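Take a look at the structure set out below.
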Amino acid sequence: MANNAPITPRVDDYSQWYLDVIREAQLADYSPVKGSMVLRPHGFSIWEAIKDDLDRRFKETGHVNAYFPLFIPLSFLSKEAEHVEGFAKECAVVTHHRLRGVVDENGKKGVEPDPAAKLEEPLIVRPTSETIIWHMYGQWIQSHRDLPILINQWANVVRWEMKTRPFLRTAEFLWQEGHTAHATEPEANEEALRMLEVYRAFAEETLAIPVVTGSKSASERFAGAVETYTIEAMMQNGWALQAGTSHFLGQNFAKAFDVTYQTPDGDLEHVWATSWGVSTRLVGAVIMTHSDDTGLVLPPRVAPVQVAVVPLWRKDGEKETVLPFAEQIAAELRSVGIRVALDTRERMKPGAKYYDWERKGVPLRLEVGPRDVAKGAAFAARRIGGPKFGIEAEGIGARVLTELDAIQNELLERARTFRNERMFELSDYGAFKDALSDQGGWYLVPWCDDAEAENQIKSETKATIRCFPIGRQDEAAGQNCFYSGKPATHMALFSRAY
RNA sequence: CGGGGCGUAGCGCAGCCUGGUAGCGCACCUGCUUCGGGAGCAGGGGGUCGGAGGUUCAAAUCCUCUCGCCCCGACCA
């Protein structure tokens with residue numbers, strides 16, 4: 001697509017639209033290595049805003065940050081049977097620490113590991129850090145007085161996926177992973193649920209993405225977890241995106257790494273664990289939740305630039321009055337903590353600037369021209385539409401803060417309405433299949449937990465169980481499974497998913 | 001790894017069928033005029049046509065091999 005062409009999403013070309021938004025907003029590029037991604041400044045800034053907000057929430061709930069190594073001995077991965085089963089097929093493996101030569105005599109790819117530099121034990125690049133962390137927890141934990149441990153780390157991980165898509169699934173991604181250790185089962189499970197609630201609140205308050213919370217079916221559960229909790233968001237094509245997970249790990253890792261503590265009574269008990277994480281996938285979720293035909297739309301709380309100030313002048317002399325006025329407005333906005341870009345680019349017409357800021361997702365634009373200077377005001381345009389309106393320069397900081405809050409709320413409500421209109425409740429499999437292929441969306445159905453049937457439905461409809469929604473499980477009582485007709489044990493949310 | 005498609009300037013593409021030594025749009029550089037919703041004109045820079053071999057007087061174009069990418073499946077946050 002030419003750089004100036006409008007972005008035109010179509011339902012059958014949603015995937016291309018998504019990639020276009022990313023390119024036009026200059027969020028990321030493909031890297032030379034297949035499946036990995038270069039985060040450009042604008043894309044990385046969104047991640048930084050996500051990170052800052054989440055980090056504050058983690059600290060408010062008593063967590064601290066630490067850092068564990070990138071390389072994990074291969075043998076660590078094997079210690080937890082399900083864990084290795086889940087990750088073995090997508091691990092990057094390091095076997096040597098030196099090359100013999102980088103090019104051969106023909107100047108071609110001739111990279112040969114030096115046989116003398118072979119590692120005694122291969123290392124894997126972490127796909128997740130449970131194993132290395134629980135190895136360390138084994139050394140840190142002796143007494144019930146050492147518990148709980150509430151640690152988070154911000155890191156990159158590598159999962160060698162076959163199919164990748166920018167932000168949603170890349171070979172390497174940035175994330176945070178929390179790993180906690182507890183003395184009792186209820187305390188650990190409560191921690192997992194507490195962090196799920198942190199994620200839910202964050203998704204809705206900061207990303208303006210409404211989510212359904214729930215637990216995963218056995219087949220969708222994290223490798224090594226007893227219970228996996230999830231927040232599920234609906235993208236604009238009606239597919240679900242798992243936006244965050246929180247796992248109750250039971251004593252699986254404590255047993256694999258032999259981590260025990262002494263109780264006040266003097267007994268030795270295995271430690272209870274949780275882990276929880278969100279990744280740069282959230283940037284993809286933001287894009288696919290809010291963006292439109294013109295390009296990216298960012299919720300104010302994660303927008304690297306919240307307000308773009310565009311000064312306008314034509315004739316000689318106008319710049320001398322307009323520019324200082326615009327600078328003064330920008331300074332006042334910054335003084336109340338608003339992230340502002342003052343667009344003084346020369347030789348670029350105002351209309352071109354407007355489109356530029358729009359496709360980059362900036363929530364609010366302020367135009368400042370000679371007419372506005374005369375009135376002592378700026379002319380405001382919201383990224384999400386509505387008539388333009390004037391704002392007096394006097395007290396503009398407070399007024400713009402209010403406007404940004406309003407935009408933030410509107411985005412959430414707009415997304416919630418969109419999702420609710422596409423969330424259905426059915427109790428008949430035939431109707432489900434028809435409705436899913438006609439209109440897509442999410443389906444809450446009575447369900448008797450059965451992995452075989454789940455698999456069957458996936459191959460027939462491509463839909464999977466996104467979760468068993470929290471707060472809806474009582475409704476299963478007295479109903480029959482929509483697939484087998486047997487008494488239902490759960491209410492399951494089915495959907496196509498990324 | 002199966003099935004389909006594509007590699008030509010930074011990006012998007014035409015040219016290939018029917019061989020004659022590379023072009024268009026956008027972007028970029030210079031100048032002048034523009035400037036409240038994607039500017040116009042003039043001039044200019046940039047490509048050993050993914051790679052290797054073959055056929056030919058001559059290959060982006062034909063043949064063989066090879067590498068890479070995209071889409072659909074299997075895998076997954």
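As the structure is a computational prediction, the values presented were derived from the model and not from experiment. Naming: A, B, ... by sequence-line order, numbering from 1 per chain.
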_RNA chain B-proximal residues of residues 274-283 of chain A, any heavy atom under 4.0 Å_ = A/Ser279, A/Arg281
_salt bridge (charged side-chain N to carboxylate O under 4.0 Å, His left out) partners of residues 300-313 of chain A, not counting sequence neighbours, each pair once_ = A/Arg301-A/Asp405
_For A/Arg40, all residues meeting side chain to side chain contact (heavy atoms under 4.5 Å, CB included), sequence neighbours excluded_ = A/Gln26, A/Asp29
*Which nucleotide, in any strand shown, forms a Watson-Crick or G-U wobble pair with B/G73, with both distances under 3.5 Å?*
B/C1
*Under 4.0 Å between any heavy atoms, over every strand shown, what does A/Thr170 touch: base, sugar-phosphate, or nothing? Just pick one.*
base
*Roughly how many Å is it from CE in A/Met348 to C1' in B/A27, rounded to a whole number?*
12 Å
Every protein N/O within reach of nucleotides 72-74 of chain B N/O, cut-off under 3.5 Å:
unit_1 : atom_1 : unit_2   : atom_2 : d
B/G73  : OP1    : A/Lys462 : NZ     : 2.6

*Start at the 5' end of RNA chain B and walk down; is the nucleotide closest to A/Thr164 or to A/Tyr354 reached first?*
A/Tyr354
*asked:* Considering only residues two or more places apart or on different chains, which pairs with a residue in residues 219-238 of chain A satisfy ring pair (Phe, Tyr, Trp, His ring centres under 6.0 Å)?
replied: A/His83-A/Phe222, A/Phe87-A/Phe222, A/Phe222-A/His247
*asked:* Let's test your reading of the model: under 3.5 Å, does the base of B/G36 pair with the side chain of A/Asp372 as donor and acceptor?
replied: yes
*asked:* Any base atoms under 4.0 Å from A/Tyr498, or only sugar-phosphate, or nothing? Heavy atoms, all strands.
replied: nothing
*Which listed nucleotide (B/G36, B/G38, B/C75) is nearest to the side chain of A/Leu312?*
B/G36
*asked:* Closer than 4.0 angstrom, basic N to acidic O: yes or no for A/Arg57 and A/Glu205?
replied: yes
*Nearest-Å distance, OH (A/Tyr18) to C1' (B/C71)?*
17 Å
*In whole Å, what is the span from the CZ atom of A/Arg359 to the C1' atom of B/C26?*
11 Å
*Any donor-acceptor pair under 3.5 Å between the side chain of A/Arg365 and the base of B/G37?*
yes
*Check side chain to side chain contact (heavy atoms under 4.5 Å, CB included) between A/Val362 and all other residues, then give those that pass, not counting sequence neighbours.*
A/Val305, A/Ala308, A/Trp357
*asked:* Taking the basic N atoms (NZ, or NE/NH1/NH2) and the acidic carboxylate oxygens, is any pair closer than 4.0 Å for A/Glu48 and A/Lys51?
replied: no
*asked:* When both hydrogen-bonding distances must be under 3.5 Å and the geometry is Watson-Crick or G-U wobble, what is B/G25 paired with, if anything?
replied: B/C11
*According to the salt bridge (charged side-chain N to carboxylate O under 4.0 Å, His left out) rule, which pairs have a member within residues 319-330 of chain A, sequence neighbours left out?*
A/Lys319-A/Glu346
*Would you kindly give the CZ-to-C1' distance between A/Arg382 and B/G37, to the nearest whole Å?*
18 Å
*May I ask which nucleotide in the shown strands pairs with B/C35, Watson-Crick or G-U wobble, both distances under 3.5 Å?*
none
Could you go through residues 381-392 of chain A and list every donor-acceptor pair under 3.5 Å that involves a side-chain atom there, pairing it with any protein atom two or more places apart or in another chain?
unit_1   : atom_1 : unit_2   : atom_2 : d
A/Arg382 : NE     : A/Gly385 : O      : 3.0
A/Arg382 : NH1    : A/Glu403 : OE2    : 2.9
A/Arg382 : NH1    : A/Glu410 : OE2    : 3.2
A/Arg382 : NH2    : A/Glu410 : OE1    : 2.8
A/Arg382 : NH2    : A/Glu410 : OE2    : 2.9
A/Arg383 : NE     : A/Leu296 : O      : 3.2
A/Arg383 : NE     : A/Glu358 : O      : 2.8
A/Arg383 : NH1    : A/Asp292 : OD2    : 2.9
A/Arg383 : NH2    : A/Asp292 : OD1    : 2.8
A/Arg383 : NH2    : A/Gly295 : O      : 3.3
A/Arg383 : NH2    : A/Leu296 : O      : 3.1
A/Arg383 : NH2    : A/Glu358 : O      : 3.4
A/Lys388 : NZ     : A/Glu367 : OE2    : 2.9

*Partner residues of A/Thr230 under the side chain to side chain contact (heavy atoms under 4.5 Å, CB included) criterion, sequence neighbours left out*: A/Lys216, A/Glu232, A/Gln242, A/Thr245, A/Cys467
_What's the closest nucleotide to the side chain of A/Glu90 if the choices are B/A39, B/G37, B/C75?_
B/C75
_Please give me every residue in residues 36-56 of chain A whose heavy atoms get under 4.0 Å of an atom in RNA chain B, ordered by residue number._
none
*Identity of whatever pairs with B/U18 - Watson-Crick or G-U, under 3.5 angstrom*: none
*Rounded to whole angstrom units, what separation is found between the CG atom of A/Asp20 and the C1' atom of B/C11?*
12 Å
Distance-only criterion, 3.5 Å: show the donor-acceptor pairs between side-chain atoms of residues 122-129 of chain A and protein atoms not counting sequence neighbours.
unit_1   : atom_1 : unit_2   : atom_2 : d
A/Arg126 : NE     : A/Asn156 : O      : 2.7
A/Arg126 : NH1    : A/Tyr67  : OH     : 3.3
A/Arg126 : NH1    : A/Phe68  : O      : 2.8
A/Arg126 : NH1    : A/Pro69  : O      : 3.3
A/Arg126 : NH2    : A/Tyr67  : OH     : 2.8
A/Arg126 : NH2    : A/Asn156 : O      : 3.2
A/Arg126 : NH2    : A/Asn156 : OD1    : 2.7
A/Thr128 : OG1    : A/Glu130 : OE1    : 2.6
A/Ser129 : OG     : A/Gln153 : NE2    : 3.1
A/Ser129 : OG     : A/Glu177 : OE1    : 3.4
A/Ser129 : OG     : A/Glu177 : OE2    : 2.6

*Just call it for A/Arg345: base, sugar-phosphate, or nothing, with non-hydrogen atoms closer than 4.0 Å on any strand.*
nothing
*Base, sugar-phosphate alone, or nothing: which one does A/Glu367 contact when heavy atoms must sit under 4.0 Å apart?*
base
*asked:* Tell me which nucleotide, if any, is Watson-Crick or G-U wobble paired with B/A42 when both distances must be under 3.5 Å.
replied: B/U30
*Mind checking A/Glu358 for me? I need base, sugar-phosphate or nothing, with any heavy atom below 4.0 Å counting as a touch.*
base
*asked:* When you compare the side chains of A/Trp17 and A/Ser15, does any donor N or O come within less than 3.5 Å of an acceptor on the partner?
replied: no
_side-chain N/O A/Lys349 vs B/G36 OP1/OP2, d < 4.0 Å_ = yes
_Separation of B/G12 P from A/Arg23 CZ (nearest whole Å)_ = 7 Å
*asked:* What contact category does A/Leu241 fall into here, base, sugar-phosphate, or nothing, at under 4.0 angstrom with non-hydrogen atoms?
replied: nothing
*Does any N or O in the side chain of A/Glu332 come within less than 3.5 Å of the main-chain N or O of A/Ile329, such that one atom is a donor and the other an acceptor?*
no
*Using 4.0 Å as the upper bound for N to carboxylate O, is an ion pair formed by A/Asp356 and A/Lys353?*
no
_Please name the nucleotide paired to B/G47 by Watson-Crick or G-U wobble geometry with both distances under 3.5 Å, or report none._
none
*Of all residues at least two apart in sequence or in a different chain, which pass the side chain to side chain contact (heavy atoms under 4.5 Å, CB included) check with A/Thr213?*
A/Leu196, A/Arg200, A/Ile231, A/Ile470
*Considering only the C1' atoms, how many Å lie between B/G38 and B/A52, rounded to the nearest integer?*
45 Å
*Mapping A/Arg159 and A/Arg314 to their closest nucleotides on RNA chain B, which lands nearer the 5' end?*
A/Arg314
